[in-house]
Amino acid sequence: MKRLLLAAAGLLSLTLATTAGAQQVTLRVACYGGLFTESQQKFGGSLFSTRTGIKIEWIDGNPEDHLAKLIASRGRAAPFDIVYLEESNQARAAEAGMLMKLDPKVVTNLAHLYPQAQNREGYGPAMLFWSVGISYNAKVFAEQGIPEPKSWLDLWHPKLERRFAFPDIAQGTATDLIIGTARALGGNERNTDAAFDKLGQAKPLYFYTSSSDLRAKFRAGDVWAAVWNNGRSWGMIDEGFPLKFVYPTEGGHGKLSTIDVVTGTKHPKEAMMFINQVLDPLTQLGQANQIPYGPTNKLLAPVLAAYPDLAQKFPASPEALEKLYVPDVKAVNDNYSKWVDQWNRKVKK
Amino acid sequence: MGRFAALRVRWGLLALPVIAVLLLAFGMPIASMTANSLFNHAGPGRVGSNLTLVNYINFATDPYYLGILVDTFALGFVVVSICTVLGYPVAYFLARTHSRWRGVLMFLVIAPLLVSAVIRNLGWIPLLGTNGFVNWALQALGLTDRPIALVNNFLGVVIGTTHALLPFMILMLTTVIQRINPQIEEAAVNLGATPWKNFTQVVLPLSMPGLIGGYLIVFTITISSYTTPAMLGGHRVTVMSTFVAQQIRFVLNYAFGATCAVVLMAVAIALTVMATRQSERGS
């Protein structure tokens, strides 16, 4: 009996050793950085590594930088295995052949996502819903007698001169500012000339490229208002900063953040398993609780319904998303180079 | 072959590895970038196969692009001028002083070089901000009644770049002024030169090599600097480097981005050659 036990223990340790050996895989994951990467690691990455023995190496940067790296690596080894992008640059990356279609048999959580989060062509889904609106320092607005912003155009208020921030064109949010301004002036994604003239008259303090930097400027009192996203704004509100995040009457913008497997990865199956983890209700809820971006897994609907205080901070359902204006991604991508050029010539000065 | 010639060949052989590394690390990327600029843009991140000068023609015929080049050079000239005016007295003092504080002063001069560009600029942002120390001090002294825009504009870039590059100007000038024999100055004064005449007709002409060297270093680093314009310009200031980055990283137009980079490099080389010739003629 003793010998049998010993043999069994030996066999077990051998099996463990070989599994560990076979699973010495490290996935390189291109994420947004800062607090967001931290929360993805906390609620997704570490759980995944514990369960599978696969290590995660985070590579931080803006989605635009990740896209640039993907495009630059065409025909060579993939710079990372998994990439977090936004809907618009996901479409560009897919068009360039840099993304793989997912296998629903591995990414089983795909079946639980809202239809709006599914990618029609089978690429990576939206892993969260978020929104763009106007964030402003309610305390300073009251002191200065500036009315609460009701329209995108209210940022042109004379008292806000050099006291508000716009996103730089290198930031995805800049396209929302362009489209929002166009719509406030009766245009749309395909008719933005009036918007650029109007944006050219604006006098922002600066054009931000980093949310952390913008946050510091809100805190220092240099910036009183900005076109920003719900997650980072609520982050400041929850810390007790007198910020308010509002949707203008023309409509706040509904946005999707995506996650994909990169073409040419050596570990496609492991990468899909990781994406499945990111779409897991537990990971999504942890994420939403840490930085309030909306989960796309519909299994969480009853949980969010039970916590309205949390759910109010993001588009918590397809219905909530539909109340927002979702810009036409194709129009954004078709016009992007032209917009950068007009931005350079008219807005940035 | 004489002994000296043989020695020279042997030293030449020793330099070969470095030359090879330079060719690989600098020559090849520059060649590949120049090649990119000579073909058409064929979609995001794609350079076409049609040999063309269209990128250069676009650059040369559009006042907007030429304006970026002009702004870049304006930044270079402003920074060089301020560095010269601020740096010369310090350099003269450092070259002539026998004070025991000389070492400390030298350290203070070099200090900005010990900090990375990102950290240095991060330090400037709160100081120059709307509610920053400088604006607070200006208002407390009654010099202005409302905050002045000191950062997120051209002025901010000038302040940051001057701070970063002043040490180069001072070090270049100090070395050259030290080599000017003080007896020449004494002779000039003995012969009745006023301090002003002594400076303009004796010291200044003799420190020309330092001025040209400092100008070359400060000017070329300024026109190619990226971090400071990006961080202190508030994404409002467009210079060649930030424009090239935008074209390559965000617009993904490699052909045009490469064209702008080649234009900047060509003009910088031309200016360096001109300045070196001038300095050779002067000496």
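Proteins get letters first, then strands, A, B, ... in listed order; numbering begins at 1 in each.
Among the residues in residues 121-152 of chain B, those with a non-hydrogen atom closer than 4.5 angstrom to a non-hydrogen atom of chain A are B/I125, B/G129, B/T130, B/N131, B/P147, B/I148, B/A149, B/N152.
Of all non-hydrogen atoms in A/N344 and B/Q246, the two that sit nearest each other are ND2-OE1, 2.7 Å. Of all non-hydrogen atoms in A/T209 and B/H235, the two that sit nearest each other are CG2-NE2, 3.2 Å. What you find for B/F250 and A/Y336 is that their closest heavy atoms are O-CE2, 3.5 Å. Residues A/R92 and B/V251 approach most closely at NH2-O, 4.0 Å, considering heavy atoms. Looking at every heavy atom in both residues, A/I71 comes nearest to B/P44 through CG2-O, 3.9 Å.
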* So A/D168 and B/R236, salt bridge (Lys or Arg N to Asp or Glu O under 4.0 Å) or not? Walk me through it. -> CA-CA 9 Å; A/D168 181 58; B/R236 181 181 273 130; over 6 Å; no

* To do: Could you walk me through whether A/R345 and B/T238 pass the side chain to side chain contact (heavy atoms under 4.5 Å, CB included) test, one step at a time?
  => CA-CA 10 Å; A/R345 289 168 198 262; B/T238 306; over 6 Å; no

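Among A/K69, A/E95, A/K217, A/R162, the residue making the largest number of heavy-atom pairs under 4.5 Å with chain B is A/R162.
Looking at B/Y65, the atoms closer than 4.5 Å to chain A (heavy atoms on both sides) all sit in the side chain, from C-beta outward. A/A220 touches chain B through its backbone: at least one of N, CA, C or O sits under 4.5 Å from a heavy atom, while the side chain does not. Only the side chain of B/F243 comes within contact range of chain A, judged by heavy atoms closer than 4.5 Å. With a threshold of 4.5 angstrom between heavy atoms, A/L205 approaches chain B through its backbone and through its side chain.
In this structure, the ring pair (Phe, Tyr, Trp, His ring centres under 6.0 Å) partners of B/F73, at least two apart in sequence or on a different chain, are B/F219.
Atom CD of B/Q247 and atom CG of A/D341 lie 8.0 Å apart (nearest 0.5 Å). Residue A/K346 holds its NZ atom at 12.5 Å from OH of B/Y64, rounded to the nearest 0.5 Å.
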